[in-house]
Engineer: 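Dropping the structure in here first, questions after.
Positions are given from 1 along the sequence.
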Amino acid sequence: MNKVKVKANANIALVKYWGKKDETLIIPYNGSISLTLKEFYTITEVEKINEDHDQFYLDGSLQDEKETKRISNFIDLFRQKSNNNQKVRIFSKNYFPTAAGLASSASGYAALAGALNSLYELKLSKKDLSKMARKGSGSASRSIFGGLVEWVAGEDDDSSYAKKIDDASWDIGMIAVILNDKKKQVSSRYGMSQTVKTCPFYKDWVESTKDDLLHMKDAIKNIDLRKIGEIAESSALKMHATMMATKPPVIYFEEKTISVIKLVAQMREEGILAYFTMDAGPNVKIITNSKYKDIIIKRLTEIVSKDHIIYSEVGNDLEILEEN
Ligand code: PMV
């Protein structure tokens, strides 16, 4: 194998992951559950080269030494497994409809892990691939799979992996509301590390997530979208509460974030199925379905321009597009 092209979709957590008990292996304190999104994805092409360094192109531009080193360290994990030291050239492109503003590390590392698995002919199962992707970025472990996915926290490298819990072939979707498309000021890596160290109620967050996971799995089994939304909203708010109680505080909210959140609550009062979630940034994602999406989008345009509002249906598993 000389060249491989792989596609992986982004995912948004409904029960959030925030905090690592092992920062090198990326073992989280708590499990999480996410929805894979069809409209946001990364396509990554990797080919073998006869050079002494890897080359990494992201969205068309050659990355500097620091970025390339980070990716090379990740590739080394695959090289060690296959006893093959060959360097590679990577072309990775994020297909996010509007200037991002959404995390691309999940789909990025998942796509790269999938490509390296083929290129170095490791034949890893999807479960083992999710463990490898996890070491690039925790949330990437979940992007190996489509539908609704659980990342089982585990205790060590072998027991911390993601698995599909439901195809979600029923009517569920997400509206991404892009309020700020600039690179975030505080990385999730740094933010969660500080939270674990300094938030006085971090332990309570970890404890309360256990119930959220149980109830979320029940709600998914019952295809109870309102319950799914309720738990997701609460999980996101609890996570942001731990961030705010961190020293120094980690605050991702902006003025418009609050406006969108208030509008979601108001729409719900009117009987519209809409629940929000947020990650390590000011953008809001709204859990809904095809029946309500148009009315929600229309109402959101009171606050945000239409090209910054994107509805996505459920995405599939990681996909190999080409192998040569
Ligand atoms: O693994 P990272 O660095 O992409 O962390 C993701 C953290 C959140 O997006 C805030 C929550 C989550 O579970 O995806």
Side-chain angles (χ1 to χ4, degrees), residues 1-10 20 22-27 40-96 99-100 103-144 156-158 160-162 183-184 187-190 192-193 317-324:
M1 200 87 60
N2 282 312
K3 200 168 164 181
V4 182
K5 198 182 198 178
V6 169
K7 174 182 174 185
N9 293 302
K20 305 176 179 87
D22 184 322
E23 296 197 347
T24 311
L25 289 173
I26 311 197
I27 313 293
F40 303 92
Y41 55 91
T42 302
I43 293 184
T44 298
E45 204 176 290
V46 183
E47 61 180 324
K48 290 181 177 159
I49 52 169
N50 293 318
E51 312 270 344
D52 15 326
H53 293 289
D54 297 312
Q55 292 171 11
F56 175 36
Y57 289 82
L58 180 60
D59 292 329
S61 44
L62 183 63
Q63 300 297 293
D64 62 19
E65 216 172 295
K66 192 172 154 226
E67 284 301 318
T68 308
K69 179 86 181 84
R70 192 198 299 229
I71 292 292
S72 287
N73 289 343
F74 181 69
I75 304 168
D76 283 344
L77 302 173
F78 292 78
R79 283 193 274 249
Q80 281 152 15
K81 266 195 189 296
S82 68
N83 277 324
N84 179 342
N85 202 30
Q86 179 125 28
K87 305 298 179 212
V88 294
R89 182 181 296 124
I90 303 157
F91 292 100
S92 193
K93 189 163 163 31
N94 293 318
Y95 291 80
F96 288 9
S104 51
S105 67
S107 50
Y109 275 106
L112 183 56
L116 295 169
N117 183 34
S118 289
L119 199 75
Y120 291 112
E121 301 182 34
L122 288 167
K123 298 192 169 64
L124 297 175
S125 65
K126 283 199 171 144
K127 179 178 170 180
D128 285 339
L129 201 50
S130 87
K131 293 180 198 168
M132 294 299 275
R134 189 198 76 223
K135 291 177 223 175
S137 159
S139 56
S141 64
R142 300 184 307 236
S143 268
I144 301 296
D156 52 20
D157 188 21
D158 203 42
S160 186
Y161 59 88
K183 198 170 153 51
K184 57 190 171 224
S187 69
S188 49
R189 194 175 290 253
Y190 174 77
M192 65 177 84
S193 169
D317 286 18
L318 175 106
E319 198 184 331
I320 299 195
L321 303 177
E322 270 173 49
E323 283 180 323
N324 302 292

Engineer: Any non-hydrogen side-chain atom of Leu124 less than 4.5 Å from a side-chain atom of Leu129?
Structural biologist: yes
Engineer: Tell me the closest heavy-atom pair linking Arg189 and Gly136, and the distance in Å.
Structural biologist: NH2-O, 3.4 Å
Engineer: Work out which heavy atom in Phe78 is nearest to a heavy atom in Met132; give both atom names and the distance.
Structural biologist: CZ-CB, 3.7 Å
Engineer: Quick one: side-chain hydrogen bond (donor to acceptor under 3.5 Å, both in side chains) partners of Asn83, sequence neighbours excluded?
Structural biologist: none
Engineer: Taking all atoms of both residues into account, what is the closest heavy-atom pair of Ile27 and Ser160, and its distance?
Structural biologist: CD1-CB, 3.9 Å
Engineer: To the nearest 0.5 Å, how far apart are CD1 in Ile75 and CG in Asn85?
Structural biologist: 11.0 Å
Engineer: Do the side chains of Lys5 and Phe91 get nearer than 4.5 Å, heavy atoms only?
Structural biologist: no
Engineer: Could you point out which residue of Arg79, Arg89, Lys48 forms a salt bridge (charged side-chain N to carboxylate O under 4.0 Å, His left out) with Asp54?
Structural biologist: Arg79
Engineer: Over all heavy atoms of both residues, which pair between Ala111 and Thr44 is shortest? Give the atoms and the distance, please.
Structural biologist: CB-OG1, 3.5 Å
Engineer: Between atom OG of Ser118 and atom CE of Met1, what is the distance when rounded to the nearest 0.5 Å?
Structural biologist: 5.5 Å
Engineer: Nearest 0.5 Å, please: how far is OG in Ser104 from CZ in Phe40?
Structural biologist: 11.5 Å
Engineer: Determine, stepwise, if the pair Ser107 / Asn9 fulfils side chain to side chain donor-acceptor pair (under 3.5 Å).
Structural biologist: CA-CA 5 Å; Ser107 50; Asn9 293 302; over 6 Å; no
Engineer: Give the intermediate values and the outcome of side chain to side chain contact (heavy atoms under 4.5 Å, CB included) for residues Phe56 and Val46.
Structural biologist: CA-CA 9 Å; Phe56 175 36; Val46 183; over 6 Å; no
Engineer: Which residues pass the side-chain hydrogen bond (donor to acceptor under 3.5 Å, both in side chains) test with Asp157, sequence neighbours left out?
Structural biologist: Arg134, Lys135
Engineer: Quick check: closest heavy atoms across Ile320 and Glu323, and the distance to 0.1 Å?
Structural biologist: CG2-CG, 3.6 Å
Engineer: Can you name the closest pair of heavy atoms from Ala133 and Ala110 and give their distance?
Structural biologist: CB-CA, 4.2 Å
Engineer: Are Lys93 and Glu45 close enough that some pair of their side-chain heavy atoms sits under 4.5 Å apart?
Structural biologist: no
Engineer: Does the pair Glu322/Lys3 count as a salt bridge with the N-to-O cut at 4.0 Å?
Structural biologist: no
Engineer: Measuring only between side-chain heavy atoms, which start at C-beta, is Gln86 closer than 4.5 Å to Asn50?
Structural biologist: yes
Engineer: Under a 4.5 Å cut-off applied to non-hydrogen side-chain atoms, are Leu112 and Ser92 in contact?
Structural biologist: no
Engineer: To the nearest 0.5 angstrom, please state how far the CD1 atom of Ile90 sits from the CG atom of Leu62.
Structural biologist: 11.0 Å
Engineer: Rounded to the nearest 0.5 Å, what separates atom CG in Asn117 from atom OG in Ser82?
Structural biologist: 10.0 Å
Engineer: Going by heavy atoms in the side chains, are Leu58 and Asn94 under 4.5 Å from each other?
Structural biologist: yes
Engineer: Do any N or O atoms from the side chain of Gln63 and from the backbone of Ser61 form a donor-acceptor pair under 3.5 angstrom?
Structural biologist: yes
Engineer: Please state whether the rings of Tyr41 and Tyr95 are parallel, tilted or perpendicular, taking 30° and 60° as the class boundaries.
Structural biologist: parallel
Engineer: Any chance you could measure Tyr161, atom OH, to Asp128, atom CG, to the nearest 0.5 Å?
Structural biologist: 10.5 Å
Engineer: Test: salt bridge (Lys or Arg N to Asp or Glu O under 4.0 Å). Region: residues 116-127. Which pairs qualify, not counting sequence neighbours?
Structural biologist: Lys126-Asp317
Engineer: Does the side chain of Leu25 reach to within under 4.5 Å of the side chain of Asp156, using non-hydrogen atoms?
Structural biologist: no
